[in-house]
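What follows is a short report on a single structure.
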Amino acid sequence: KIWHRLCLELRHFFHLQKPMERTDAHRGKMLTPEAVAAPMADEYGTMNSDGETMVMDEFLLEGGQMLRKVETRYKTWGKLNSRCDNAAVVCHALTGNANLEAWWGSLLGPGKPLDTSKYFIFCANVLGSCYGSTGPTSINPDTGKRYGGDFPLVSIRDMVRLQAQVLKRLGVGEVAVVIGGSMGGMQALEWGMSLTVPVRSVVSLCASGRHQPWQIGISESQRQAIMADPLWKEGHYPPESPPTAGLSVARMMAMLTYRSHPGYWTKFGRAVSKGNEAFEVEQYLRHQGERFHERGFDAMTYVTLTRAMDTHDISRGRGEYTAVLGAMKVPTLICSISSDVLYPVSEQLELAAYMPNAQHHLIRSDEGHDGFLLEHKKVGTLIRGFLAELEHSPRGHHTTRASKTPTAVGSSAGLLTISKL
């Protein structure tokens, strides 16, 4: 049964990797950078720092450093019920913000998967980001200057602990569900281990239980692109002169891992721009790199958050990896995108294999890793069905189980014990 399930999943995965044909009409198009970017659009809408702010006087990081006057920018939708147990926490990915409407807006509202008539929806900009919460662009209250390169190493666990404290102050006694994709999916898994606020269910999309060498290597390559910019200055660059060239290259590298071979072939093929100045794919990536800076994203923030993802290991300080997964009893929906090369399907199958109350679903899509943001209807259908199933089950008695598919796993390195590189 184990190998039968694995073979079926792999067959579905490889079946979808064959390139789709481009028509002659498509090959003949001559597009401007703006037109090239439109069909394979950025996964986020308007990015800003809107929201309310909660300030914690002190917050002790997992690595031992104490932050003071820690701000969390957040937004909420819907109302907290009288039992204070209908909160639904949505966690954003690497470059996201608290404005859930900008990137999952089609899932949010009365009667939608993130049903504001049922749930008190909460979304916070993560610790270490640059969209309102304390991060490298914030003013250090001890010096009166921007943290910049002095901002300490934070972890996914730190992000979750801070969000939990904010929710407690808002009066939340229990969380109905935590949902997130990519870095948000890592947070969702950490929430499943939360001792600060009880969690009834978890939805994790396109994520893993720990960052593996593949993801760490990709992140380090992007960081080195930023650090190679002469304006980097060890993260202490002035706000008016940031290392935009390095950040643009890092974003271009990331955009390759966020999509797929079939997706790029279908969109671009070997078509060139007007005047034969560049391949369409070159123009698209350059445009994405430039737009990233225009969105207000910060280079030191990118370094900080990719390092935070590299620390991700659900088992750190808790025991042996598979045993820790086995101890996670909370009902969990694990989702994969069939063409995801950044967090491949095998990593979600591993989670479902060892977590005793998890179910795994494969979304067939050529969108690659960003499918968790772009495949709104499919993602929404899975979330709606999972939450409906829980609503009709006695609390604490949800028993959906996944087949135990053994996979090779590596060692659990305690990254928080080393200094910043």
Do any N or O atoms from the side chain of [X] and from the backbone of [Y] form a donor-acceptor pair under 3.5 angstrom?
X: S201; Y: P331; result: no
X: E220; Y: G217; result: no
X: T266; Y: G263; result: no

Euclidean distance, D150 CG relative to E234 CD, rounded to 0.5 Å: 10.5 Å
Can you tell me how far apart CD1 (I216) and OG1 (T306) are? Round to the nearest 0.5 Å.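 These two atoms lie 11.0 Å from each other.
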Salt bridge present between E52 and K75 (N-O < 4.0 angstrom): no
So does R307 pair up with D310, basic N to acidic O under 4.0 Å? no
Set of side-chain hydrogen bond (donor to acceptor under 3.5 Å, both in side chains) partners for W77, sequence neighbours left out: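 If we apply the side-chain hydrogen bond (donor to acceptor under 3.5 Å, both in side chains) test to W77, skipping adjacent residues, the hits are E101.
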Would you please test R316 and E62 for salt bridge (charged side-chain N to carboxylate O under 4.0 Å, His left out) and show each step? CA-CA 11 Å; R316 186 177 57 254; E62 192 181 357; 2.9 Å; yes
Please confirm whether R223 makes a cation-pi placement over Y302, using NZ or CZ under 6.0 Å from the six-membered ring centre and within 45° of the ring normal.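 Checked: cation-pi criterion not met.
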Hey, could you give me each pair passing ring pair (Phe, Tyr, Trp, His ring centres under 6.0 Å) that has a residue in residues 166-217? Not counting sequence neighbours.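 Sorted pair list: H211-Y343.
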Parallel under 30°, tilted from 30 to 60°, perpendicular over 60°: which one fits the rings of F268 and Y264?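 Because their plane-to-plane angle lies in the 30° to 60° range, the rings of F268 and Y264 count as tilted.
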R318 meets the salt bridge (Lys or Arg N to Asp or Glu O under 4.0 Å) criterion, sequence neighbours left out, with E190
